Amino acid sequence: MDLISVNPATGRKLNVYKEIGLNDLDIIIRNADSAFSYWSTLTIPNRAIYLGKAAEILRDRKSDFAKLMTSEMGKPIDQAISEIEKCAYVLDYYAENASRYLEDEIVETKFSKSWFSYRPLGVILGIMPWNFPFWQAFRFAAPQLMAGNTVLLKHSNNTTGCAVAINDIFKSAGLPDGVFTSLIVDVDKVERVIKHRAIKGISFTGSSRVGKIVASQAGSVMKNCVFELGGSDPYVILDDADLQNAAQVIVTARFNNAGQTCIAPKRIIVTKNKSEEFIKYALETAKTWQCNYPTKAEPNIIGPMARFDLLETFVNQIQSSIALGAKCLMGGKVWPGCGFFYLPTVLVDVKPGMPAYDEELFGPALVIITAEDEDDAIRIANDTEFGLGGAVFSADIERAEYIAKHQLQCGAVFINDFVQSDPKMPFGGINASGYGREIGVLGIREFTNIKTICVK
């Protein structure tokens, strides 16, 4: 079948991409396997040359790539440009640090010499989402390529144009044939790829529902996996926090990318002593945001949601929460006109049993939950099946650090700021948010054979 991309700001068809056939798919996988024999023998500094060239291409053409991203999934243009710049950074980062991260480690044992080495596995399949169509792909590909693996990318159908562009970037950077390839296939072909004997690992970013399907398929053939799945990130506001600053940080983090960010603040938890004051500041800040076409380089723009079905799901979650007793203080409606826009929304009086409490809301809705006290706030924060990120806002940094390290159950906690990814730090979650880590030193080692070698 053909893969169709639609401009979510207009609802109009952008492009049609012809799906490759099964024979061509098998040839591509075999080419990636053959390329591994060469790529894995290159020195790390030689691999780094190619990534450096790809970074240069990204920077030189960031405006073009940003416009493509904006047209395919609706990201406001300023945010799209920042995403391209971050992709160039992750390429440079691993080009500069891979040698250190993959260095052999000597261990003193009874043997005359013993050490362990990080060796590449082979072909790694990345199944990546639409919400950060360049960043997700490059943050997966950069460490894997520097580790000596070859890469296949299966992108979301609605961002196929981005997948083609990423493929062209690596080709223009001179990567040998087969080292990186975007697969132009529908989802019904993914299981075939996962179970191909040449595939040695799978990195999946997406929903928990689809992640479980991929995990089952990969587990049936014993493939190594990394999963970065959904999140319902709690942001806990302690009584001594700067409420006005917290509101500004949280609203910005929630409404960026039209709320379609896995680590966005999904549940804002504040005690009843401070809830009224915080809600006042949150509303003041939220009212400075507005829906508008994402091609406009203006601050505080909420672009469209990426697809109509995503908008439909989000509308149902909001309406169901309101029907169950949540109070909508602003928004709560689809933006009139064309495209898949939803007005910036603030919900309060949110309780267990409502979608806004129990589920991940992937759209521009600020969900505020009132706790009895700070201990109750931490209990509510952990009252979720997810465990991706979280945040603590407090003037008492020492106490906030204790809560972050010992009490919040998630893969990353930020203090007095929103959760974000950085190539220097490992990124990932626990529970229904997945397992394994991307980026950082751990990210480059996830798909390596940690090989022990001893000499008598």
Side-chain angles (χ1 to χ4, degrees), residues 86 89-90 93 97 101 139 226 228-254 256 261-275 277-279 281-282 285 357 360 366-446:
K86 191 172 182 180
Y89 171 46
V90 77
Y93 180 78
N97 291 281
Y101 287 165
R139 87 173 185 188
V226 169
E228 193 259 279
L229 307 177
S232 186
D233 288 18
Y235 278 46
V236 177
I237 304 171
L238 301 184
D239 287 354
D240 65 350
D242 181 337
L243 299 182
Q244 188 170 17
N245 176 70
Q248 291 171 348
V249 169
I250 290 169
V251 170
T252 299
R254 186 55 174 136
N256 269 335
T261 304
C262 55
I263 50 174
K266 307 287 172 52
R267 295 175 299 133
I268 317 308
I269 307 165
V270 60
T271 69
K272 62 183 181 182
N273 291 337
K274 298 292 183 178
S275 62
E277 185 180 0
F278 175 78
I279 290 168
Y281 289 130
T285 306
Y357 185 102
E360 179 180 31
L366 197 70
V367 174
I368 301 174
I369 300 171
T370 300
E372 286 296 316
D373 53 30
E374 292 182 352
D375 288 339
D376 190 43
I378 294 168
R379 178 194 65 79
I380 292 170
N382 292 327
D383 185 25
T384 176
E385 65 174 339
F386 297 104
L388 190 55
V392 181
F393 287 79
S394 174
D396 186 343
I397 301 301
E398 186 175 349
R399 181 165 182 240
E401 288 178 351
Y402 180 87
I403 292 170
K405 181 176 180 179
H406 297 286
Q407 294 185 291
L408 290 188
Q409 297 168 9
C410 50
V413 182
F414 282 61
I415 296 169
N416 294 330
D417 205 353
F418 60 89
V419 182
Q420 51 206 278
S421 60
D422 186 312
K424 299 175 182 177
M425 297 289 286
F427 182 86
I430 60 173
N431 303 330
S433 291
Y435 53 80
R437 291 295 180 266
E438 295 182 290
I439 52 181
V441 62
L442 300 182
I444 199 171
R445 295 174 178 175
E446 281 283 1

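Since the structure is predicted, the reported quantities are computational estimates derived from the model, not experimental observations.
- Across every non-hydrogen atom of A404 and V413, the tightest pair is CB-CG1, 3.4 Å.
- Evaluation of the salt bridge (charged side-chain N to carboxylate O under 4.0 Å, His left out) test over residues 386-400, restricted to residues two or more places apart or in two chains, returns E374-R399.
- For the pair A282 and V251, the tightest heavy-atom approach, listed with the atom from each and the gap, is O-CG2, 3.9 Å.
- For the side-chain contact (heavy atoms from CB on, under 4.5 Å) test, residues two or more places apart in sequence or in another chain that qualify with K274 are D239, L243, V270, T271, E277.
- Nearest heavy atoms, S421 versus I263: N-CD1, 4.2 Å.
- Residue pairs meeting the salt bridge (charged side-chain N to carboxylate O under 4.0 Å, His left out) criterion with at least one partner in residues 401-419, sequence neighbours excluded, do not occur; the list is empty.
- Of all the heavy atoms in A264 and R254, the pair that sits closest is CB-NH1, 3.8 Å.
- Here the straight-line distance linking atom CD1 of I368 with atom CZ of R267 works out to 14.0 Å at 0.5 Å rounding.
- The OG1 atom of T370 lies 11.5 Å from the CD1 atom of I268; values are rounded to the nearest 0.5 Å.
- Here the side chains of D242 and N416 are not in contact, with every heavy-atom distance at 4.5 Å or above.
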Side-chain donor-acceptor pairs under 3.5 Å in residues 383-393, sequence neighbours left out?
from	atom 1	to	atom 2	distance (Å)
D383	OD2	Y357	OH	2.7
T384	OG1	F386	N	3.1

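- With contacts defined as side-chain heavy-atom distances shorter than 4.5 Å, the pair I439/Y93 does not qualify.
- Considering only heavy atoms from C-beta on, F418 stays 4.5 Å or farther from T261 through its side chain.
- Judged as a salt bridge (charged side-chain N to carboxylate O under 4.0 Å, His left out), and not counting sequence neighbours, K424 has no contacts.
- Pairs of residues two or more places apart, or lying in two chains, that qualify as side chain to side chain donor-acceptor pair (under 3.5 Å) and include a residue from residues 429-438 are R139-E438.
- Shown here for A381 and V236, the closest heavy-atom pair between the two residues is CB-CG2, 3.8 Å.
- Between the E228 side chain and the G428 main chain, no donor and acceptor come within less than 3.5 Å of each other.
- Distance check: C262 SG to L229 CG gives 9.5 Å after rounding to the nearest 0.5 Å.
- Smallest separation of non-hydrogen atoms from V226 and G436: CG1-C, 4.1 Å.
- At distances below 3.5 Å, at least one donor-acceptor pair connects side-chain atoms of N382 with backbone N or O atoms of Q409.
- Between atom CD1 of residue I250 and atom CD1 of residue I237 there is a gap of 4.0 Å, rounded to the nearest 0.5 Å.
- For the atom pair CD1 of I269 and CG of L238, the computed distance is 10.5 Å after rounding to the nearest 0.5 Å.
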